[in-house]
Peer 1: 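Take this structure first; my questions come after.
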Amino acid sequence: RKPEASTDFYEATFGWKSETTEVGGTRYATFWLADEPVAGLMAMPPQVPAAAPSHWLVYFTVADMDRAVATARELGGAVARGPTMTGPGRIAIMEDPSGATFAICEPGISDGGQ
């Protein structure tokens with residue numbers, strides 16, 4: 001809930017460098033180790049209940065969002081939110097059959113003006 005303090009913490013703890021950009025009106029910090037992006041950080045959106053603790057969300061890159069979502073549903077998973085266009089690409093928040101949450105991202109695609 002305190003992105004600036006968290007950014008300072010991760011830089012000091014892991015030796016990461018950060019670069020902050022605006023994504024859809026939200027400040028997003030990308031953490032870099034050498035020349036590789038290793039993590040990202042943003043403030044929790046207002047729709048997240050105040051009682052929810054700070055947390056990490058693991059993202060998996062997929063080549064085809066629609067196929068990945070369909071496969072997850074066929075295997076008992078669910079879509080919690082999305083797919084949604086963001087600065088880095090199209091993302092969806094998913095749940096596995098036991099309720100564990102993760103995200104998938106199809107990077108670098110355009111919404112084609114939609």
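Every heavy atom of this structure was used, including side-chain atoms; hydrogens, water molecules and symmetry mates were not. Remember, predicted model here, so these are calculated numbers, not experimental data.
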Peer 1: Holding to side-chain hydrogen bond (donor to acceptor under 3.5 Å, both in side chains), I want the full list of residues that pass it with Glu11, two or more places apart in sequence or in another chain.
Peer 2: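 Testing Glu11 for side-chain hydrogen bond (donor to acceptor under 3.5 Å, both in side chains), a comparison that skips the adjacent residues, returns Ser18.
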Peer 1: I need the single residue from Gln47, Met94, Glu95 that forms a side chain to side chain contact (heavy atoms under 4.5 Å, CB included) with Arg81. Which is it?
Peer 2: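 Per the side chain to side chain contact (heavy atoms under 4.5 Å, CB included) rule, the option paired with Arg81 is Gln47, out of Gln47, Met94, Glu95.
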Peer 1: In Å and rounded to the nearest 0.5 Å, what is the NZ to CD distance from Lys17 to Glu19?
Peer 2: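 The NZ atom of Lys17 sits 13.5 Å away from the CD atom of Glu19.
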Peer 1: Rounded at 0.5 Å granularity, tell me how far CD1 in Ile91 sits from OH in Tyr59.
Peer 2: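 Between Ile91 CD1 and Tyr59 OH, I get 4.0 Å after rounding to 0.5 Å.
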Peer 1: I need the Phe9 CZ to Trp16 CH2 distance, nearest 0.5 Å.
Peer 2: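 Going from the CZ atom of Phe9 to the CH2 atom of Trp16 covers 9.5 Å.
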Peer 1: Given the rule in the ring-ring contact (aromatic ring centres under 6.0 Å, His included) test, do Phe31 and Trp56 qualify, once you have shown the distances and angles that lead to the verdict?
Peer 2: CA-CA 13 Å; Phe31 293 102; Trp56 286 98; 7.4 Å; no
Peer 1: Hey, quick one: are Met42 and Tyr10 part of the same hydrophobic cluster, counting side-chain heavy atoms closer than 4.5 Å, chains of contacts allowed?
Peer 2: no
Peer 1: Kindly state each residue pair satisfying salt bridge (charged side-chain N to carboxylate O under 4.0 Å, His left out) with at least one member in residues 57-75, sequence neighbours excluded.
Peer 2: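 Residue pairs with at least one partner in residues 57-75: Asp66-Arg90.
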Peer 1: In the single-linkage hydrophobic clustering (I, L, V, M, F, W, Y; side-chain heavy atoms under 4.5 Å), do Leu57 and Val38 co-cluster?
Peer 2: no
Peer 1: Only one of Val79, Ile104, Thr101 forms a side chain to side chain contact (heavy atoms under 4.5 Å, CB included) with Ile93, so which one is it?
Peer 2: Thr101
Peer 1: Side-chain heavy atoms nearer than 4.5 Å, only ILVMFWY residues, links allowed to pass through others: does that put Met65 and Phe102 together?
Peer 2: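 As far as the 4.5 Å side-chain criterion goes, Phe102 and Met65 are connected within one cluster.
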Peer 1: If you look at every heavy atom in Ala43 and Pro3, which pair is closest and at what distance?
Peer 2: CB-CG, 3.8 Å
Peer 1: What residues form a side-chain hydrogen bond (donor to acceptor under 3.5 Å, both in side chains) with Ser98, not counting sequence neighbours?
Peer 2: Asp96
